[in-house]
Structures are given as structure tokens and as C-alpha cells.
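For the numbers below, each heavy atom of this structure counts, side chains included, while hydrogens, waters and symmetry mates do not.
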Amino acid sequence: MPGPAGGRQEAASAADDAMDGGAQQSGIRDPPGVGSVEQEGDVGEGPPATDLRRSQPLFIHSTSRTVSEEEPRASSLPNIPNPFPELCSPSNSPILSSLPGGQGPPREGACHLVKVFSEDGSCRSLEVSAGTTARQLCEMLVQRTHALHDHSWALVELHQHLALERCLEDHESVVEVQSAWPLGADSRFVFRKNFAKYELFKSSASLFPEVMVSSCLEANKSMAHSELIQNFLNSGSCPEVQGFLQLREASRKVWKRFYFSLRRSGLYYSTKGTSKDPRHLQYFADLTESNIYYVTQGKKHYGTPTEFGFCIKPYKVRSGVKGLKLLCSEDEQSRTCWMAAFRLFKYGMQLYRNYQQAQARLSQHPWITPTPLQSVSDSALVAMDFSGCTGRVIENPSEVLTAVLEEAQAWRKKTTHRYSLPAACQSSPLSAAIHRTQPWFHGRISREDTQQLIGRQGLVDGVFLVRESQRNPKGFVLSLCHLQKVKHYLILPSEEEGQLYFTMDDGQTRFADLIQLVEFHQINRGILPCKLRHYCTCVAL
């Protein structure tokens, strides 16, 4: 019977055999020199064989098991807040969430952070998916700000360091646009009104002057705006536009006047006057691979001859002025024509589908839209009688005249009732400041800021706001857009027999307060060139 020492030796040898067997079963074989070292260790000097066997891969596996056993113990330690979360959480980082050039398109299904600013400087961060469109983001902001829902809300891409801005189309992906911004650039999204967005399909006035449409010049006949749009809807091709534009040369800061032509194949300019000969036409830009921007401060940043500049920015141009194709028109009508033609050329029928979808969304909730679903002329209106339980159309012309006179008499009675209020009530602070609660009142802003605000929200007939007069401390100013120009009308308060009223025509038409004045001119043109249709407003995010 073996003794204790013999038992320990047999146990050690059995463990060694088990270790060798485990190494063989795991498919790990010794390197060529390991066997010779073991023989030398058995014969003479060197480390014992058992030490060499402990350095085999089996020992490494046992160490990894020890580490895995300690992992639950490490996870039970208290969480230490990360002092730099933006470096580890791309979804919470406005820098890392906007993928710079070279990182590829945004991943589908991933959440991205988008920061949107309003015109008053406030901002809101929203977490959106990669496929979120500009229209979907605008609807989210409308719901969160409790603003009136209509299709005039828009998302504007603004590059402040380049003085460029453009209105995103409803179908464009917000994350894709943001991913093209360079890191560190002063680029942002702005949420604001744009009444001119779908004026292309709503307005009866022509956005394309006859002298700028090739088909009109070649056929030597005039063509209505509706006919041009109908041809576009039928054939899917935009009208060919031509005209003079100022071009800034890339090598020098010099502006030269060239004759440009927009065709199916791209934008060209003539090197010899107004010649359209192929030998004289120089290819200028491919609009399908570019975005079109308005230049907001052209004279300050680029030395434009006029304030009506715009820019063609290719997709490959990430940052800097190099690569921008700067153009400048003679007036606002010419620039509007070129920009409308560029949009039709670039997006085609997608623009009209966006307009139809916007109209369909408004028709589902007609009670929340402050403006008519479509613009109609005065000749399309009919007289209605709502004196009974249901309304009826008045067909007899004499009865129509009687209804008009009765309505005018009711308006006079309403005005007389307001004037008949006690003088103390007329001069109360509440009645004197009731207009400050209206969205169309903008307080004490300058004339230049007013023109810029109306210009940003769309130079459409009927866009207006009311502000305090800077020259007359007690007066107000009605600023109105007509024919792409902003006009200003002074509103003066006057007092007669202790009663306060406001007027714009030296007292011939009097109003008890500014609200009545605005409501009257939303229905009647009065002394204004057009009715008040859209009021400029700003929302705080």
C-alpha cells in the first residue's frame, strides 16, 4: 500500500496527465522547441516540467474565467457620471449626430438629434429618425408650439458664414441635409413661415415674364401663367427661361453680365451677346447635382451689384466660398422667375405632389386653417343668405344689392356701438393695448427689419404686419407687400368729442381700434392696393 508521499505523487501525475489531455483535446499543439526544452529540464538544469505545463493555454483559460467571474462584482459598483457625455453618446451630440463628409449616409432606423431655431433666436432639439422629412418635422414643431396649422410653415437651411439660405422642400430628408454640413460650420435649421412656397401653383399672377420665356418669344405670343403651369403638369418639363444675369468670375472678384439660358440639359450662358448658337453657349451648371440658395447679404459678403443675388452650390462643395457659383439679377421679379424655374427643373412633378399632399392635409382639418384652401378671385364669389336655418345662394341681382346694403348698415351699427361706449372705457389701458395680443403686431421694430422679415416670409401680395411708428410716438404703421415690394401706411390716432379712433386717410374712414382696422381690410381693400391676406408671425421654440 503506498504511503502518503506516494499518493501525492500519483495525484500530481494524474493532474499533469489531465492537463496534457486537455491541451490535446482543445487542438493546441506545442511549438517545435517545447519538447526539447522539457527533455533538458528533466536531465539537468532549467525550470521544472510542471512549471512549463502551467504556462500552457489551459492556464490562460483559467485566468479568463476568473476575469468573467469578477465582472458581476465590478458592475455592482456605483455609477460615476461621465463628465463628457457628448464624446460617448452620438445621439445626444449635435456635433457627432451631424455626420461630416466622408462618413457615408445616415443609418436607417438610428435616431439623430436635430436642433431647430426660430426667428427670435430660441431653439429646440428634436430626436428624429433618418427618414424624417422636412414636412414631418414642421408638423412636429407646429404641434409642440401650438401654432396654427397650415402649409406655409417651412424649414429653412441657413449658412450664416456664407450668407446663404434656402427653403427645404417637403420631401427632403432633414438628416441627409444635416449630414452634408461641415463640422464646425455655423449652419442651422430655422422654423418660419414661407407664404411663397406654393405660390407657383396658387397664384393667378404670372411668375414668368414673357420676355424671359423662350416659347413666348419664339412663337411671338403671350402665354398665361396658368397655361405655362398646365404645360408643365402635362409634359413634366419646365419652361425654358432666359435673360441677363450678373456672374462673378471664380478667379477674380469681378462681376460680368452674360445672357443665360436654362434648358433641359442644364444652365448655359452665351459668350457672344444673346446668341444661342451652340458655338457660343458655355455650359455653366448641372442643377440636378446642386442646391439653389438665396444670398441674404450679397453686397457685404460678395460685393453683388444689387441685393437680388442667388447662388448655385454643388453637392461636392462642403465649406468655403471656393466652388460657389454666384449670380445676381436686376430686380426681385427676375430673381423670383429664375428661382421658380430652378425648382421646377430640379424637382419636377414632385413639387406638385407636395402641394397636393399639403392641400389634402388641410382639407382633413379645415377648421384649423386661417386662410382659404385655394386662392379665388372676386368674380368667383357668390352672394349667400344665412338668415334661415341653412344658407342659400342669392341669384336675383336686385336682392344681392339689397343684401350688400344691409351688410354695410350692420357694419355701421357695429361701429356706432363701439363709439357709443363711455369715454372712460375708450381710454382704458386694456382697450388701448388690446392689439398687443394679436399675432400680426410686432411692436417697435425698424423699417429695415420689417422689410427683411416680410422678405424672409415671402414677397406675396397681402403679407402684412402692424408695428409702432418710430417717427410718430403715438402712431402705428401698417406694412404691406404688393407686387413684391413692401409699402408702409401710417395709422394715426385721433380724438373727437372725447372718443378715440384710428385712421389712415385723414379721418374719412375711422376705426375704434387696430383690430377693427385689420379685420376691415381683410375683407375690403379700402385705400390699400390689395386686401390683407397673410400676417407675419414668429413663434418661440
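Counting only N and O atoms by type, the side chains of Arg166 and His159 include no donor and acceptor under 3.5 Å apart. No side-chain N or O of Tyr535 forms a donor-acceptor pair with one of Gln438 less than 3.5 Å apart. Counting only N and O atoms by type, the side chains of Asp505 and Thr503 include a donor and acceptor under 3.5 Å apart. Gln178 and His112 share no donor-acceptor pair across their side chains, judged by distance under 3.5 Å alone. Using a 3.5 Å distance cut-off with no hydrogens or angles, the side chains of Ser494 and Tyr501 do pair a donor with an acceptor. For the 3.5 Å distance criterion, the side chains of Ser479 and Arg467 qualify, holding a donor opposite an acceptor. Between the side chains of Glu139 and Trp153, no donor-acceptor pair of N or O atoms lies under 3.5 Å. No hydrogens or angles considered: a donor-acceptor pair under 3.5 Å links the side chains of His171 and Asn354.
With hydrogens and angles disregarded, no donor-acceptor distance shorter than 3.5 Å links the side chain of Arg263 to the backbone of Tyr268. Distance alone, capped at 3.5 Å, places no donor-acceptor pair between the Trp338 side chain and the Cys328 backbone.
Residue Ala134 comes nearest to Leu168 through the heavy atom pair CB-CB, 4.0 Å, listed as atom of the first residue, atom of the second, then distance. Annotation for Lys531 and Gln522: closest pair CD-O, 4.1 Å, computed over non-hydrogen atoms. Listed here is the closest heavy atom pair of Leu137 and Leu155: CD2-CD2, 3.5 Å. Shown here for Thr296 and Leu164, the closest heavy-atom pair between the two residues is OG1-N, 4.5 Å. Scanning both residues, Leu351 and Tyr198, for their nearest heavy atoms gives O-CE2, 4.1 Å. Of all heavy-atom pairs between Gly298 and Thr304, the closest is C-OG1, 3.1 Å.
Figure legend: cation-pi geometry between Arg188 and Phe117, with NZ or CZ positioned under 6.0 Å from the six-membered ring centre and within 45° of its axis. Figure legend: cation-pi geometry between Arg436 and Phe441 absent, as NZ or CZ is not positioned both under 6.0 Å from the six-membered ring centre and within 45° of its axis. Lys325 forms a cation-pi arrangement with Phe284, by the criterion of a distance under 6.0 Å to the ring centre and an angle within 45° of the ring axis.
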Query raised in the report: Run the salt bridge (charged side-chain N to carboxylate O under 4.0 Å, His left out) check on Arg264 and Glu240 step by step: do they pass?
Result: CA-CA 8 Å; Arg264 294 175 180 265; Glu240 294 187 2; 5.0 Å; no
Query raised in the report: Would Glu307 and Arg335 satisfy salt bridge (charged side-chain N to carboxylate O under 4.0 Å, His left out), going step by step from the backbone distance to the final call?
Result: CA-CA 10 Å; Glu307 291 290 352; Arg335 180 171 70 167; over 6 Å; no
Query raised in the report: Do Arg353 and Asp170 pass the salt bridge (charged side-chain N to carboxylate O under 4.0 Å, His left out) test, and can you show the C-alpha distance, the side-chain angles, and the key distance before you say yes or no?
Result: CA-CA 10 Å; Arg353 286 193 290 268; Asp170 286 352; over 6 Å; no
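We find the CD-CD distance between Glu448 and Gln452 to be 7.0 Å, quoted to the nearest 0.5 Å. Interatomic distance, CG of Asn194 versus NE2 of His151, reported as 11.0 Å (0.5 Å rounding). Interatomic distance, Ile515 CD1 to Thr437 OG1, rounded to the nearest 0.5 Å: 5.5 Å.
Two residues are said to be in side-chain contact when any heavy atoms from C-beta on lie closer than 4.5 Å; Glu119 and Val539 fail this criterion. Side chains of Met504 and Phe511 form no contact here, defined as non-hydrogen atoms less than 4.5 Å apart. For the pair Ser469 and Arg444, the minimum side-chain heavy-atom distance is 4.5 Å or more. Looking at Tyr347 and Glu172, their side chains come closer than 4.5 Å, going by heavy atoms from C-beta outward.
For Glu165 and Arg192, the salt-bridge test passes: some basic side-chain N is under 4.0 Å from an acidic carboxylate O.
By the 6.0 Å contact criterion, CD on Glu496 is enclosed, its count of non-hydrogen atoms from other residues, nucleotides or ligands being greater than 12. No more than 12 heavy-atom neighbours from other residues, nucleotides or ligands sit within 6.0 angstrom of CG on Asp506.
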